[in-house]
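Step one of this worksheet: look at the structure below.
Numbers here are sequence positions counted from 1. Whatever order the structure lists ligands and atoms in, that order sets their numbers, starting from 1.
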Amino acid sequence: MTILLIACTPDEQIKDVTLPPEAESKSLEEIKIGFSMDTLQEDRWFKDRDLFVEAAEKAGVEVEVTVANGDDVKQVWQTEKMISEGIDVLVVVPHNAESMAAIVERAHDAGIKVLSYDRLVRNAEVDLYLSYDNEEVGILQARAMTELVPKGNYVYLGGADTDYNAHLMKQGVFKVLKPYIDKGDVTVVFNQWTKDWVPEVAQANMETALEVNHQQIDAVIAGNDATAGAAIEALAAYDLAGSVPVAGQDADLAGVQRIVQGTQNLTMYKSIDDLSERAVELAIKLALNEEIQEDRTINNGKINVPSILLPPVPVDRTNIKETVIADGFHQEKDIYQ
Ligand code: BGC
């Protein structure tokens, strides 16, 4: 049966959709999305939470948000509770890519589909993965850094080992660095994960990298802006902040401010507006059992997960205005305060 959904999707377009019989009875007001978040540690996650809730309200669906503060047991428990109390679709940002697999199974047992948001749940039959292209983040970081520093000693401060994004980014970085390494132009003198993305861990790692290499570091690629900021603190202790190029990601306000100040060279802008709006739109489709046109698939160890990956945008001091300011991601007055 074909019906018209009018003015109720996030982009307020009229959509011609075909609903399977079991979904016909659900109206948008009856849909409840469970949004299980790992953390609010970085700036971006506040935006994800608020913009997701805003988009859900705009679409006319209910949403419940939980935040596990980096605790796997808590995230499983919070999600189980949402499933048993009744949600129509689960959107999850896993703290631990592997630990949330059990939750996907539990959701499916209850007839609830699962959208992996930003981070992929591994080894589970995830219905859809929506994120920025994390491998591309790494590729763009490394490409920009090799342009700035074609020869020298590199430090790689990866993200959390438990976050599959960190692995994808690392793949991207090393794909670009490999020919430089093979030629002997680049040496990765330090390469470590950052437990739970904690900046203090990244700072301690950067201090070690500086000490063991007698400060002979020419470039730093960090998993995100929070860890890049921590690396810059460590560089500052040796008066090297600003003279050693550093790359991060997220376009955190502090990261963009450091780009203006000259201590950080690059970040990756990922519009959270686009991500959260898209997520709500797709979560509704999953709840209604509608067809979703994915871009590609990504193997998560168990299946090829239908995936939609948005393109990250590199930001350096030359394009702050056209990117994060033009989009209203940050205000000019806050960046140049
Ligand atoms: C996200 C980054 C974020 C990091 C730490 C990653 O999975 O893609 O944007 O900075 O987690 O929360």
* Close side-chain approach of Asp88 to Lys26, heavy-atom, < 4.5 Å -> yes
* With a 4.5 Å limit on heavy-atom distance, are the side chains of Val93 and Phe35 in contact? -> yes
* To do: Please assess Lys270 against Asp250 for the test salt bridge (Lys or Arg N to Asp or Glu O under 4.0 Å), listing each intermediate value before the final yes or no.
  => CA-CA 6 Å; Lys270 306 185 292 187; Asp250 283 343; 3.7 Å; yes
* Is a side-chain donor or acceptor of Asp118 paired with a backbone partner of Ser131 at a separation under 3.5 angstrom? -> no
* Asked: Under 3.5 Å, side chain of Asn165 to main-chain N/O of Ala160, donor-acceptor pair present?
  -> no
* Mind jotting down which protein residues get a heavy-atom contact under 4.0 Å with ligand 1? Chain and number order, please. => Glu42, Arg44, Trp45, Asp118, Arg119, Asp163, Asn165, Trp197, Asn224, Gln249, Asp250, Lys270
* With no hydrogens and no angle check, is any side-chain donor or acceptor of Asn213 less than 3.5 Å from a backbone partner on Ala209? -> yes
